[in-house]
Amino acid sequence: MDDKLIYELVKERDLSSDNFIILRYQMRKTRAVNFDGYKFTYYYDDDRGIGIQAISKEDRIAFCYTDLIDYWHLKKLINMSILLSNQEVSTLYIPGLYNYYYSKEIKNINNIYSEANLNIDLYKDLIIKENEYAKNIMQCNDINTYLLLGYEIWEIFNSNGLAIKYDYSFSSLRHNIKLETNQYKYKFQVSMSGKNGEVLTNPIKNEVFKRKTKCKAERIRNVKNYYENLDNYEKCMGNISKIVFDYDFLSVLIHEMIGHSVEEDLANTNNFLCKNNKLALNKIIAPPYFNVVDNPNYEYWGYQPYDLDGNKRNEVEIIRKGVVKDGLYSLYYSDNLKNVNFSDRVDSYKDMPLPRMSNLTLRIDNVIYRKLEKELTDLSELRDLLINEEYISENEEVLYLLGSNGGKVNVKDNVCKIMPEYCCILSNDKTKVLPQRRMKINIEQVCKSALVGIGKVNDNSYFLCKKKGQIVNVSGGSNMYVLFSKFNIDFE
């Protein structure tokens with residue numbers, strides 16, 4: 001795209017109008033391949049286009065978009081959006097928006113993109129090796145290995161002189177595993193995100209991915225050896241006194257129950273973090289060692305250093321020491337345009353912005369740092385550690401919820417529905433592995449029940465968020481494990 005031409009076009013506004021213009025250019029390319037152990041299946045996606053937004057002095061907004069990027073077509077579309085924004089047919093009306101202070105920061109980028117970064121065929125041999133390794137260690141044949149390589153550019157211009165550009169590359173590697181026992185079906189996943197092909201070629205990342213694969217292999221062995229024929233989950237929970245979550249489970253749970261609850265377009269539902277349709281700042285919702293932070297500048301999966309109006313995004317402390325301190329605000333949903341941490345994101349140049357989290361992390365400051373010899377896999381060692389630190393007794397039964405097959409929140413009812421990948425109960429003399437079942441968890445009870453974190457924070461759990469039909473990259477994490485006192489769990 002000719003940046004100088006677009007920049008001049010946005011400032012030109014040859015209609016006799018004082019409308020404010022924002023133009024957003026997006027170019028995204030992704031290449032992906034799935035290997036089922038026999039054949040490769042390829043997926044390609046190339047998309048580029050421009051979204052144009054005009055704001056009138058009456059604070060009306062008109063929005064349109066196009067994938068036809070040429071001077072005369074864009075000029076016509078800008079003029080059309082100006083005309084529409086002066087009519088009552090405009091898509092939005094936000095009091096005070098026209099006079100909002102838009103950043104004038106100009107930032108140039110050094111493109112890291114090259115066609116070689118998206119050449120999926122360079123990694124086929126490595127994909128085959130990872131697939132064979134997983135099948136061998138898991139003793140399971142239904143394993144698909146999937147590699148995604150992506151690159152994205154955003155350029156934002158406005159009629160005040162703003163010109164911001166940034167780009168980033170992203171990649172993910174995962175195994176999708178299906179397992180059938182005599183009665184139940186299980187789904188497991190091993191995943192890692194990064195940049196370009198480093199998820200396969202970087203020795204450190206590759207070693208972490210293999211450790212995760214070994215972890216899932218042990219869980220699969222436990223499913224085969226210790227699964228219980230239990231149709232009545234509630235009866236099984238009768239003797240549970242404590243619950244342990246791992247960072248993969250918590251990354252989804254915190255995303256759903258904290259992240260969505262503080263996004264401004266959902267805060268008007270009066271969820272437990274809000275009052276009178278606004279975020280309940282300074283409300284105590286958890287113990288003083290409970291902290292939640294969103295960091296959009298973490299340059300991997302959920303990276304977005306600027307919002308869709310060119311404002312610099314900063315790290316947001318949502319929960320600090322158990323107290324609600326901040327939210328994820330939106331220029332398009334806020335009744336207070338003085339907020340400085342707008343977090344508007346979109347899936348595509350075709351969309352209007354929504355407040356969205358990026359990389360959400362739970363950090364428990366009351367933490368046991370002693371390293372486990374097999375910190376990802378050996379739950380009996382974890383149990384011994386908790387006994388030695390006097391968080392549980394030798395006679396207690398502890399429920400472990402590890403990994404996640406997705407979640408969904410109802411912020412109005414303060415309930416999160418989530419399916420753990422691996423659910424087991426450990427006592428001194430027995431391991432019970434339970435079938436995968438979707439469970440309903442009360443958000444407020446979870447926050448109040450946190451006791452201690454185990455291990456350092458791991459923030460490389462990634463997934464896709466599909467809020468309101470817009471799919472964006474998000475990631476998160478927590479301490480390696482977190483111990484909670486027992487709270488109510490309902491099963492579907």
Side-chain angles (χ1 to χ4, degrees), residues 240-259 261-262 272-273 280-295 298 315-326 357 359-404 416 418 420 426 441-461 475-489:
I240 297 299
S241 59
K242 302 287 194 319
I243 303 173
V244 172
F245 297 156
D246 74 345
Y247 70 94
D248 274 331
F249 184 89
L250 275 168
S251 66
V252 176
L253 189 64
I254 294 297
H255 170 96
E256 297 291 345
M257 73 180 193
I258 299 291
S261 294
V262 299
F272 86 110
L273 292 175
L281 297 178
N282 298 316
K283 178 181 179 180
I284 299 174
I285 59 120
Y289 40 79
F290 190 100
N291 307 276
V292 178
V293 173
D294 185 55
N295 184 3
Y298 182 62
E315 181 178 280
V316 180
E317 282 190 297
I318 296 170
I319 311 295
R320 185 197 313 148
K321 296 183 178 180
V323 179
V324 180
K325 288 298 180 183
D326 215 338
M357 68 199 97
N359 301 299
L360 199 71
T361 303
L362 166 68
R363 187 187 74 248
I364 302 295
D365 287 338
N366 180 33
V367 59
I368 303 170
Y369 278 114
R370 177 180 151 193
K371 186 176 180 181
L372 308 173
E373 289 183 15
K374 302 175 183 177
E375 63 180 357
L376 280 175
T377 61
D378 197 332
L379 296 183
S380 61
E381 184 183 341
L382 174 60
R383 176 180 171 81
D384 290 342
L385 175 61
L386 292 172
I387 291 172
N388 291 336
E389 296 288 338
E390 299 183 349
Y391 281 100
I392 64 174
S393 69
E394 292 187 4
N395 297 321
E396 284 186 272
E397 288 192 352
V398 177
L399 174 67
Y400 294 81
L401 301 178
L402 313 177
S404 172
C416 179
I418 186 169
L426 261 65
I441 295 176
N442 181 278
I443 299 171
E444 197 165 4
Q445 288 184 16
V446 174
C447 294
K448 292 179 179 179
S449 302
L451 294 175
V452 65
I454 301 98
K456 64 181 182 179
V457 170
N458 186 316
D459 54 6
N460 195 29
S461 184
S475 67
S478 71
N479 304 78
M480 187 67 67
Y481 300 96
V482 178
L483 177 70
F484 293 80
S485 57
K486 185 180 179 180
F487 49 84
N488 292 330
I489 298 177

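Quantities reported herein were computed from a predicted structural model and do not represent experimental measurements.
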ask   = Between Y481 and I368, is a side-chain contact (heavy atoms from CB on, under 4.5 Å) present by the stated rule, with each step listed?
value = CA-CA 10 Å; Y481 300 96; I368 303 170; over 6 Å; no
task = Count the heavy atoms of every other residue, nucleotide or ligand shown that sit under 6.0 Å from NZ of K448, and state whether that count exceeds 12.
result = no
task = Check whether any side-chain heavy atom of V482 lies under 4.5 Å from a side-chain heavy atom of V452, and answer yes or no.
result = no
ask   = Nearest 0.5 Å, what's the CD-CG distance between E397 and L426?
value = 9.5 Å
Distance-minimising heavy-atom pair for V457 and R363 = CG2-CG, 3.8 Å
query = Say you draw a straight line from CZ of F249 to OG of S461; how long is it, rounded to the nearest 0.5 Å?
reply = 11.5 Å
key: Verdict with supporting geometry, D294 and V262, side-chain contact (heavy atoms from CB on, under 4.5 Å)   = CA-CA 11 Å; D294 185 55; V262 299; over 6 Å; no
ask   = How close do L382 and I454 get, heavy atom to heavy atom, and via which atoms?
value = CD1-CG2, 4.0 Å
request  = Report the relative orientation of the aromatic rings in F487 and F245; use parallel for angles under 30°, tilted for 30 to 60°, perpendicular for over 60°.
outcome  = perpendicular
key: Considering all heavy atoms, the nearest S251-G477 contact   = CB-N, 3.7 Å
ask   = Any side-chain heavy-atom pair from F272 and M257 closer than 4.5 angstrom?
value = no
ask   = Just how far is it from atom CD1 of I319 to atom NZ of K283, taken to the nearest 0.5 Å?
value = 10.0 Å
inquiry  = Within the structure provided, determine whether I418 and E256 are in side-chain contact (heavy-atom separation under 4.5 Å).
reply    = no
For L401 against P420, the heavy-atom pair lying closest together = CD2-CG, 4.0 Å
message = Any donor-acceptor pair under 3.5 Å linking the side-chain atoms of S404 with those of D248?
response = no
note = Correct closest heavy-atom pair for A286 and C447 would be CB-O, 3.4 Å
request  = Using the side-chain contact (heavy atoms from CB on, under 4.5 Å) rule, pick out the option among L250, I441, I258 that qualifies with V446.
outcome  = I441
ask   = Once you round to the nearest 0.5 Å, how far does CG of L385 lie from OG of S380?
value = 11.5 Å
query = With a 4.5 Å limit on heavy-atom distance, are the side chains of L386 and V244 in contact?
reply = yes
inquiry  = Within the structure provided, determine whether I318 and L273 are in side-chain contact (heavy-atom separation under 4.5 Å).
reply    = no
task = For N479 and K456, run side-chain contact (heavy atoms from CB on, under 4.5 Å): C-alpha distance rounded to whole Å, both residues' side-chain angles, the deciding distance at 0.1 Å, then the answer.
result = CA-CA 5 Å; N479 304 78; K456 64 181 182 179; over 6 Å; no
task = Would you kindly say whether N442 and N488 are connected by a side-chain donor-acceptor distance under 3.5 Å?
result = no
message = Side chains of F290 and L362, heavy atoms from C-beta outward: is any pair under 4.5 Å?
response = yes
query = Which value, rounded to the nearest 0.5 Å, describes the distance between K486 atom NZ and I243 atom CD1?
reply = 7.5 Å
message = Has D326 got a side-chain atom pairing as donor or acceptor with E317's backbone, closer than 3.5 angstrom?
response = no
key: For H255 against M357, the heavy-atom pair lying closest together   = ND1-SD, 3.1 Å
message = Donor-acceptor pair, distance only, cut-off 3.5 Å: does the side chain of N291 make one with the backbone of K321?
response = yes
note = d(L451 CG, Y289 OH) to nearest 0.5 Å is 5.5 Å
message = Contact between N282 and K325 at the side-chain level, heavy atoms closer than 4.5 Å - yes or no?
response = yes
request  = Dump the intermediate steps for side-chain contact (heavy atoms from CB on, under 4.5 Å) on D246 and N458, then the final yes or no.
outcome  = CA-CA 10 Å; D246 74 345; N458 186 316; over 6 Å; no
